[in-house]
Each structure stands twice: as structure tokens, then as C-alpha cells.
There are 2 protein chains.
Amino acid sequence: MPPLDKRHCFSVHCPSRLLFDQIADKWSMMVLTVLDPGPARFNEIKRNLQGVTQKALTQCLRRLERNGLILRRVIPTSPVGVEYEITPLGRSLQGPFKALYIWTLQNLAEVDRARAEFDTRNGGGGSAAAKAA
Amino acid sequence: MPPLDKRHCFSVHCPSRLLFDQIADKWSMMVLTVLDPGPARFNEIKRNLQGVTQKALTQCLRRLERNGLILRRVIPTSPVGVEYEITPLGRSLQGPFKALYIWTLQNLAEVDRARAEFDTRNGGGGSAAAKAA
DNA sequence: CCGTATCCGATCCGATACTG
DNA sequence: CAGTATCGGATCGGATACGG
């Protein structure tokens, strides 16, 4: 794999641009993390993702399934059961995700400092809208 | 750094949850990549991010600045100039971002295959809405 | 040149209700 | 249990106009 070009230019049709949006969202990262130890049922996943709505989780799982990152298996029991499981492709994404997750943990403090300083410099004599961003 | 827990639970107040949303968006990744070789002016960045609007880029740069990932320096020339530069904190994020970028390049083909198969299984006899997701 | 302000359509998102 | 359907509010994002 080649290193990133100097002053890399991202064309509109750059494939990674489109893919990045699909896979790099908050819920997807969390779902892949929760499924890491093994398959899990819908509500089991939901319980581990505090605050996610049924709709958001369903959409997220569909997208993950469509992109080949997880597998959906229906268990024909009396009330229907569904199990979700990571695919090998999904596992290959855990490394990059974990790197990002660890970065957030390691640098959270410094980011907070930077934010406080920024808000003092700017929001100090102005609107509080800056913090809302 | 500890390994991720088994069946990791993401509480609502998990700091990495909030931070992830802020830093893992498409434009931020591209800006950090474009700034990698060295500082750049506003329109210089804009030219390298085909399709970004002035508003979106401004918002993105502000957020990056607020989070301490880039530095904004005003050059007092006749028409005002502004230079953006990566901070050490920003540089530390390039590694994780690059890992994700490389993943998209390496697995784009397989994701496309998975999508095609999914759309055949589902959208085959139904709505075309699935592809729009 | 580098923004901010405003408007407006598209989209997301949660809450709710309903089904096999 | 695991969804789908629908609706209204919030938010995003582009286009345009204007200011330092």
C-alpha cells in the first residue's frame, strides 16, 4: 500500500469518501465492539448501547449487514429470534476502529483543554453558540 | 491500555462516544490528510476537497480548531490571509485515520460484492429504497 | 480573500402505534 | 421478540448575499 500523496486531492468520486461515511459512524463502531465476543440478539445489543432507539439500531444493523460487516440469522423459535454475528470482513475493521477508540481515550483530556481554551478566546465575550457545536 | 471488555457496554456518558462523533466525519479526515504536508490557506484546502461548500468547510475547520487538532493563523496582508496547520494532537490522529482510509481502499471491492448480494436477496423483488440507504 | 448571516429544502431522529 | 409505518421536530447542508 502506497503512502498518502503529498497534498492529497480527494476527487468527488473517490471511493473511500463514500465508504467512509457509511462505516465511520458512532453506532456502527459500538455495534461491532459489542458483537466482538460473539453473536448477540437484537435486544441484547440494544441493552449494551444505552440511548439508542429501536429505529436507529435497526437502520444501523441493516447497513452493517448490507455492507457485509455483520450476518443476520433468524432463529425459528416460538417468538421469532434473530442473532447478529460479525463476519470476517467486519472483524478486519475492528483493528482500525479500536485504534480510533483508544485515541479518544488517550487524548480526551487534551481535547477538553483545547476546547476550554478556544471557548475562552472566542465565546468569552460573545455568544454561547460556539459550545453547542 | 487495556483490551476492550467482553460484551463491552457503552454508557450514555461514555466520553469516547461523544468524541467519536466530533472527529470521525468525512471532511475532518480529508482536511487532516490535505494538511499533512504542511500549512495551507483556506481556498487551497477547498480546492483539494472537491465538492465541499464554503460553509461546510468553515464549520469543519472551526470544529477541528476547537478540538485542538489544527491551528488557525491570520496573516495581516492587504486582503486578509489565513493559514491552517496541523497541531501535534492532530498529527497523532493521522495514524488511526490512515488505518481506516487504507481499510476502505483494501476492502472496497468486497463491500461492493456484499452490497450487490444483499440487494439481490432483498431488493430483488421489492423496493429500490434499499439501495438508497 | 475569508469569512458571517440568512433562507430553505432534504434529511435524520425519536416517539408512538401496530404486526407476525 | 423483532421488527415496520408514520409523523413532527430538529438538524444538516447548499445557495445566496453581504462585510472586514
Return the value, rounded to whole Å, for the distance between atom [atom1] of [X] and atom [atom2] of [N].
X	N	atom1	atom2	value
B:R62	D:dG13	CZ	C1'	17 Å
B:L61	C:dT4	CG	P	10 Å
B:E65	C:dG3	CD	P	9 Å
B:I75	C:dG3	CD1	P	11 Å
B:L57	D:dG14	CG	P	11 Å

Do the non-hydrogen side-chain atoms of [X] and [Y] ever get within less than 4.5 Å of each other?
X	Y	answer
B:R115	A:N67	yes
A:F20	B:L100	yes
B:L32	B:I70	yes

I need the single residue from B:L61, B:L69, B:I86 that forms a side chain to side chain contact (heavy atoms under 4.5 Å, CB included) with B:V31. Which is it?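 Answer after filtering B:L61, B:L69, B:I86: B:L61.
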D:dC1, OP1 or OP2 - any side-chain N/O from A:Y84 closer than 4.0 Å?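 False: A:Y84 side-chain N/O out of range (4.0 Å or more) of D:dC1 OP1/OP2.
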Can you check whether B:R72 has a side-chain N or O nearer than 4.0 Å to OP1 or OP2 of C:dG3?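 For C:dG3, OP1 or OP2 has a side-chain N or O of B:R72 closer than 4.0 Å.
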My understanding is that only residues two or more places apart in sequence, or in another chain, count here; which of them pass side chain to side chain donor-acceptor pair (under 3.5 Å) with A:N107?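 None.
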With sequence neighbours excluded, residues passing side chain to side chain donor-acceptor pair (under 3.5 Å) with A:R62: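 By the side chain to side chain donor-acceptor pair (under 3.5 Å) rule, A:R62 matches no residue at all.
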Which angle, to the nearest 10 degrees, lies between the helix axes at the two ends of the helix from C:dC1-D:dG20 to C:dG20-D:dC1, each defined by five pairs?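 Rounded to the nearest 10 degrees, the bend comes out at 40°.
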Which ones in residues 39-49 of chain A lie close to DNA chain D, meaning a heavy atom under 4.0 Å from one of its atoms?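 Within this stretch, A:R41, A:F42, A:N43 sit under 4.0 Å of the strand.
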Is B:R113 salt-bridged to B:E117, going by a charged N under 4.0 Å from an acidic O?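 Between B:E117 and B:R113 there is no salt bridge, as every charged N stays at least 4.0 Å from the carboxylate O atoms.
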Check: B:G68 main-chain N/O paired with B:T87 side-chain donor or acceptor under 3.5 Å: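 Between the backbone of B:G68 and the side chain of B:T87 there is a qualifying donor-acceptor contact (under 3.5 Å).
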Is there a donor-acceptor pair closer than 3.5 Å between any side-chain N or O of B:R41 and the backbone N or O of B:G81?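 Pair absent, no side-chain N/O of B:R41 close to backbone of B:G81.
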Audit row: B:Q94, B:T33, side chain to side chain contact (heavy atoms under 4.5 Å, CB included) steps and yes/no: CA-CA 7 Å; B:Q94 286 181 324; B:T33 305; over 6 Å; no
Let me have the donor-acceptor pairs involving side chains of residues 47-58 of chain A, under 3.5 Å, with sequence neighbours excluded, atom names and distances please.
| unit_1 | atom_1 | unit_2 | atom_2 | d |
| --- | --- | --- | --- | --- |
| A:N48 | ND2 | A:E44 | O | 2.6 |
| A:Q50 | OE1 | B:V12 | N | 3.3 |
| A:T53 | OG1 | A:A56 | N | 3.2 |
| A:T58 | OG1 | A:Q54 | O | 2.8 |

Going 5' to 3' along nucleotides 10-20 of chain C, which nucleotides have protein heavy atoms under 4.0 Å from the base (write B), which only from the sugar-phosphate (write S), and which from neither (write -)? ---BBB-----
